[in-house]
Amino acid sequence: MVRERGCLMAKKELRCNMIIYLIGTVLLGIVSGCAGTTLSPSAAETLQAPTASGATRYDISWTMHQNLPVSEDAEMVRYVEQKFNVNLDFWNLENNKYEALLDIKLAQGSIPDLFRIRQPQDILKYQQQGVLADIPEEMLDKYAPNIMKAIKENAPDYQDYGKINGKYYGIPVINPTNIYRIPIVYRKDWLDKLGLTVPETLSDFEKVIYAFTNEDPDGNGKKDTYGLSSEGMNVVFGAFGQIVFADQLYFGVKEKELVIGALQPEMKEALQYLSKWYRDGVIDPEFITGENKGGYKHLSHSFINGTIGMTSMGNYYHWIQEGDYLIWNSNGEETPVEAAFNVKELTAINQHAQIVFGQPFSGPDGKRGSKAYDMLMSFTAIGADAAKEPGKMEMILQILDYVSANPDQDEAASMKYGVQGTHWQWANASREDVILVSPYDKTFSYQNTIGTGLGMTVPLMPTEPREKWAATLGLDQDGIYNALEVATPSLIQSGPELIKLKNKAYISIITGDKPLEYFDEFVKDFMAAGGTCVLQEAND
C-alpha cells in the first residue's frame, strides 16, 4: 500500500508539472579511427574556413565516442581550433567505462562543455543534477542548421526528443543504420561437418546446439564445445516475442498496453528450454560472465575461441567475411574487403573457420526476432557551465554543426577521414566513395587519434559499400525494439536495481539454483521493488 501511494503521488506530481520526458533508448554507434601525420598547408587550403562569430578565444572541453584516445598533437583538432579560434580540451573517456569515468569528473565539479550522453535514458538524470544547459530552439536552428535540417527531414518523429518540460537539453543522435537488427551467426564449418543446415524453428535450433555439443564439431576428439552462451539466449527469448538480457529493461506491447518483456508468462516456457539445455550441458557454463572477455566490447571471445557455435553479439559490420563486398584500395582499385573484427579474430586462430548468418528461428506460436537498437542512439548536450559564458554556446553549436553535418562534400569527408591527399582521396569524380591512403587503410581507429569524428551522427543513410551489403542480409526484418521511448522518473530511480533483480532471477532459474516455479515469485518481487510504478508511469 505504501509503495502504491508513493507511485500515485509520483504520477500526480508528474501530471501537475506537465513534464514530458521525451527520451528513447539504444546502444551502439561505431566510429573508426587511429595514427597521424602533420596537416600540410596545401591540404588545409582545400577546406573552406567556417564562419566563427566574435573574437573571444574560448576554452571548450569536449566528449565524444572513442575507441582510442585523441592524440595531444592531433592535426584535425588543431585545424578546427585554428578555424574557429578556440582551444579544445578532449576528455579521453574510454567508451566501455564512459559513464563511470564521466561521473567521477562530475563529482569533482568538472562539467564538459560538449556533453555526450551515451545512454539516452541518462538525459533526465543529468538534467536533474543540473549539469546540462537548456538550449534555445531558435539558437539550434541558427547555429546548427544542418544538424536540425537532417533531423527534421529524415527523422521527424525524433525532433522533439531531448526536450524536458518544453526545453531542449539534448540534441537527439539518430543512427539510421539501426534499421538493421543484431545478426545471428553460426559456425558454417561446424554445420557442414555435421550435415546440418541453419535452423528455421526452435526445434531445429535445439537439434543444432545439441549436435554442436555432443558430436565433436571441431574434430579435436574432446567434448569441449557448446551450442550457445548469453547472447544467443536473446534469440531464444525472441522466439517467444521478447528480449531479456540487455543493459536496459525491454518493453513490449500487448493489447495496446506497454508490458515489461521479462515478466511475461511466455518467458517461463523459454526458461524451461534454457534450464533443460543448461542441465544437459548444451549451454556454455561460463555464460554468466558473458561472451566478451575484455578489450573491444563487440567481440565474442567464446565464439572466436571455438567454445560455442552460435551467437548474436555485435553488429553486422563486426561479422564481415573476406570478399563480402568490394572496396577501394589505396591504389584506386576495387578489391575484396578483408575480414573484420570477430571474423578476423576467428580466422586468425583457425584459418578454416567459416560463418553463416541465420534468420531468427520461430517459436511455438510463430514468433521470431533478435535484439535491435532504437534509432535514437544517444544525445549531444551542452554543459551547464558553458551557458554562463556569453557567446560560448553559440560557438559550440557552430563547431558541432561544422564537424557533424557539413553540406560541402570535401569538408564533410575531411571531418570524417582526415586530410585529403594524406589520409584519404576520392575514388572517382562522382565523389561517392572514399579511398583511404596507406597505411591508414589498415590502421584501426586512426580517426580518433588524428582528431576526426568529433561530431555526432545525423540521420543520413550512409552510401558506402558496407551499408549496401548490409541491406542484402535481411537484417531490416524481425528486429525486436524497445517499445518504451520515454524515460520516467521511477525508471531512472528503480531501473538499475530492477535489472539486477531480473538478471539474478533468470540466471538462477537457468542454472537450476531456483526451480521454474520461482518465476512467479520473481514477478511479484519485481513489481514490489518498483516495477509497478515503472509500468504505471510508462503507460501514463
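- Partners of Phe303 according to the ring-ring contact (aromatic ring centres under 6.0 Å, His included) rule, which considers only residues two or more places apart in sequence or in another chain, are Trp319.
- The side-chain hydrogen bond (donor to acceptor under 3.5 Å, both in side chains) search around Thr311 returns Glu291, not counting sequence neighbours.
- Here Lys502 pairs with Val244, Leu249, Ala262, Ile499, Tyr506, Phe522, Phe526 under the side chain to side chain contact (heavy atoms under 4.5 Å, CB included) rule; sequence neighbours left out.
- Here CG of Leu484 is found 9.0 Å from CD of Gln248. Values are rounded to the nearest 0.5 Å.
- Applying the side-chain hydrogen bond (donor to acceptor under 3.5 Å, both in side chains) criterion to Tyr316, with sequence neighbours excluded, gives Glu467.
- Partners of Asp476 under the side chain to side chain contact (heavy atoms under 4.5 Å, CB included) rule, at least two apart in sequence or in another chain, are Tyr180.
- With sequence neighbours left out, Asn154 forms a side-chain hydrogen bond (donor to acceptor under 3.5 Å, both in side chains) with no residue at all.
- Applying the ring pair (Phe, Tyr, Trp, His ring centres under 6.0 Å) test to every pair with at least one member in residues 96-126, sequence neighbours left out, gives these pairs: Phe115-Tyr126.
- Under the side chain to side chain contact (heavy atoms under 4.5 Å, CB included) criterion, Thr457 pairs with Val173, Pro176, Met377, sequence neighbours left out.
- Residues satisfying the salt bridge (Lys or Arg N to Asp or Glu O under 4.0 Å) criterion with Glu81, sequence neighbours excluded, are absent altogether.
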Do any side-chain atoms of residues 490-498 form donor-acceptor pairs under 3.5 angstrom with protein atoms, and if so which ones, sequence neighbours left out?
from: Ser490; atom 1: OG; to: Thr488; atom 2: OG1; distance (Å): 3.4
from: Ser490; atom 1: OG; to: Glu537; atom 2: OE1; distance (Å): 2.8
from: Ser494; atom 1: OG; to: Ser490; atom 2: O; distance (Å): 3.4

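- Judged as a salt bridge (Lys or Arg N to Asp or Glu O under 4.0 Å), and not counting sequence neighbours, the contacts of Lys149 are Glu153.
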*Check step by step if ring pair (Phe, Tyr, Trp, His ring centres under 6.0 Å) holds for Tyr161 and Tyr158.*
CA-CA 5 Å; Tyr161 280 57; Tyr158 291 89; 5.1 Å; yes

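- Taking the six-membered ring wherever Trp is involved, the centroid distance between the rings of Phe84 and Tyr402 falls below 6.0 Å.
- Residues that satisfy the side-chain hydrogen bond (donor to acceptor under 3.5 Å, both in side chains) test with Asn87, not counting sequence neighbours, are Arg57, Asp59.
- Around NZ of Lys504, the count of heavy atoms belonging to other residues, nucleotides or ligands within 6.0 Å does not exceed 12.
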